[in-house]
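Scope of the values below: all heavy atoms of this structure, side chains included, with no hydrogens, waters or symmetry mates. One-based numbering, in listed order, for ligands and for the atoms of each.
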Amino acid sequence: MATASGIDFSLTEEQELLRAEVRRFAEERLRPGLAERDRSHRLPAGELAEMGEMGLLGMLVPEELGGAGQDPLTYCLAVEEVARVCPSTAVTMSVTSSVCQWPIARFGSAELQRQVLPELASGAELGGFGLTEPESGSDAGAMKTVARRDGDVWVLDGQKAWITNAGIGKWFVVLAKSDPSAGKKGISAFVVGRDMPGFAAGAPEEKMGLKASVTGSLFLSGCRVPASHLLGEEGHGLRIALATLDHSRLGIAAQAVGIHQRALELAVAYARERVQFGVPIARHQAVQFTLARMATELAAARALTWHAAALSERHADAGRLASEAKLYASEAANRACFDALQIHGGNGFSEEYEIARLYRDVRVTTIYEGTSEMQRLVIARHLLAR
Ligand SMILES: Cc1cc2nc3c(=O)[nH]c(=O)nc-3n(C[C@H](O)[C@H](O)[C@H](O)COP(=O)(O)OP(=O)(O)OC[C@H]3O[C@@H](n4cnc5c(N)ncnc54)[C@H](O)[C@@H]3O)c2cc1C
């Protein structure tokens with residue numbers, strides 16, 4: 001566990017037990033059929049239901065609202081172990097937990113929390129987060145979706161793009177301009193349900209990676225959302241979205257660490273087996289150097305991630321720590337997958353080898369929940385604000 005002044009990375013007994021349990025579950029339940037699900041773009045629905053029963057789909061929600069009431073570090077340990085085997089399942093888990101349930105648990109009214117959190121936290125339903133639009137990604141303040149008050153409801157119009165769990169999720173935290181004349185201060189956050197009139201989800205995107213996860217557009221056409229589904233105060237939406245991302249980036253960092261871990265394992269195993277020039281390629285020093293760099297960067301990425309997670313709810317600079325972890329872990333994991341594939345030679349280019357899928361899956365970690373460039377801007381902003 002980490003303290004504000006120093007770092008002690010010994011995990012508690014409960015954290016070690018959960019980590020081992022999730023690793024066993026991922027190996028036994030998620031690994032079988034992995035390649036086939038990737039080919040057929042199919043989420044492991046039954047296994048996700050089991051994860052819900054294990055409390056893995058509502059880790060950040062308090063127990064009284066049906067969650068597991070876990071701390072962010074324990075959550076990161078679980079995401080890492082799921083991502084080591086199935087990054088698609090990890091992003092599904094991380095999105096419903098951290099960008100949907102977390103802001104509802106933090107900013108939603110007691111009535112709204114009681115309505116939506118128990119079914120989300122139990123995994124009976126999945127959630128999502130609608131910030132990105134076709135013409136606004138990094139520049140979230142430029143969104144075009146609007147919300148107009150009409151008596152007891154808000155009426156939302158607009159399109160959200162690239163939304164994880166679109167089409168399979170029930171509840172979405174959606175950002176919209178409730179006062180377009182107020183710029184970024186006129187954005188509000190709403191919890192929108194798929195059964196609300198005027199809500200529709202588009203067809204799943206054809207992605208290069210994370211093919212077993214579902215990503216698509218949300219269409220809001222006069223979508224009528226009860227006023228009680230506003231999160232926090234009117235006009236606080238962008239603040240809520242940024243606070244949510246400051247927290248949720250820990251999950252993406254953990255996802256990257258899990259993928260990195262697996263890439264290293266695959267590279268070591270292949271280097272031991274593959275013989276060229278009469279010896280296993282692991283005997284060639286150039287290959288050893290690559291493995292050593294991958295291992296060192298993995299340790300650094302994991303340390304940054306655990307550190308940021310352990311301090312996330314009690315450090316003034318928690319957002320910067322999460323951005324540093326996400327930036328470093330995602331870029332290091334991309335390097336690791338590139339190098340691991342290189343060590344596999346031509347076989348690495350074959351879908352028969354796991355590294356080919358990891359190489360595709362890891363790519364998006366430097367893009368979603370804020371690109372690497374946006375993380376650098378966040379980090380610099382914290383430094384320069386002092
Ligand atoms: C698989 C997947 C799942 C996703 N899930 C979700 C989701 O659930 N919910 C959601 O809301 N969004 C989601 N997204 C969207 C994702 O968060 C955005 O793609 C991301 O924020 C980048 O936005 P953009 O794609 O519009 O790129 P742009 O903002 O158009 O950026 C393009 C390039 O320009 C760079 N750039 C932009 N502005 C600057 C600047 N000021 N300085 C330097 N460089 C800059 C960027 O870093 C990037 O390299 C998902 C995306 C993917 C691919």
Answer yes if the ring centres of F190 and H229 are under 6.0 angstrom apart, and no otherwise. no

Check whether the ring centres of F199 and F219 lie less than 6.0 Å apart, and answer yes or no. no

Residues that E28 engages under side chain to side chain contact (heavy atoms under 4.5 Å, CB included), provided they are two or more places apart: R24

The criterion is side chain to side chain contact (heavy atoms under 4.5 Å, CB included); which residues satisfy it with K207, sequence neighbours excluded? W162, E205, L210, S213, T215

Side-chain heavy atoms under 4.5 angstrom apart, residues restricted to Ile, Leu, Val, Met, Phe, Trp, Tyr: same cluster for L60 and L321? no

Are any protein N/O atoms closer than 3.5 Å to the N/O atoms of ligand 1? If there are, list each pair with names and the distance to one decimal place.
unit_1   : atom_1 : unit_2 : atom_2 : d
ligand 1 : 5 (N)  : W162   : O      : 2.8
ligand 1 : 5 (N)  : T164   : OG1    : 2.9
ligand 1 : 8 (O)  : T164   : N      : 2.9
ligand 1 : 8 (O)  : T164   : OG1    : 3.3
ligand 1 : 9 (N)  : F129   : O      : 2.8
ligand 1 : 11 (O) : L131   : N      : 2.9
ligand 1 : 11 (O) : T132   : N      : 2.9
ligand 1 : 11 (O) : T132   : OG1    : 3.1
ligand 1 : 12 (N) : T132   : OG1    : 2.7
ligand 1 : 14 (N) : W162   : O      : 3.2
ligand 1 : 29 (O) : S138   : N      : 2.9
ligand 1 : 29 (O) : S138   : OG     : 2.6
ligand 1 : 47 (O) : T371   : OG1    : 2.7
ligand 1 : 47 (O) : E373   : OE1    : 2.7

Qualifying residues under ring-ring contact (aromatic ring centres under 6.0 Å, His included), relative to Y359, sequence neighbours excluded: none

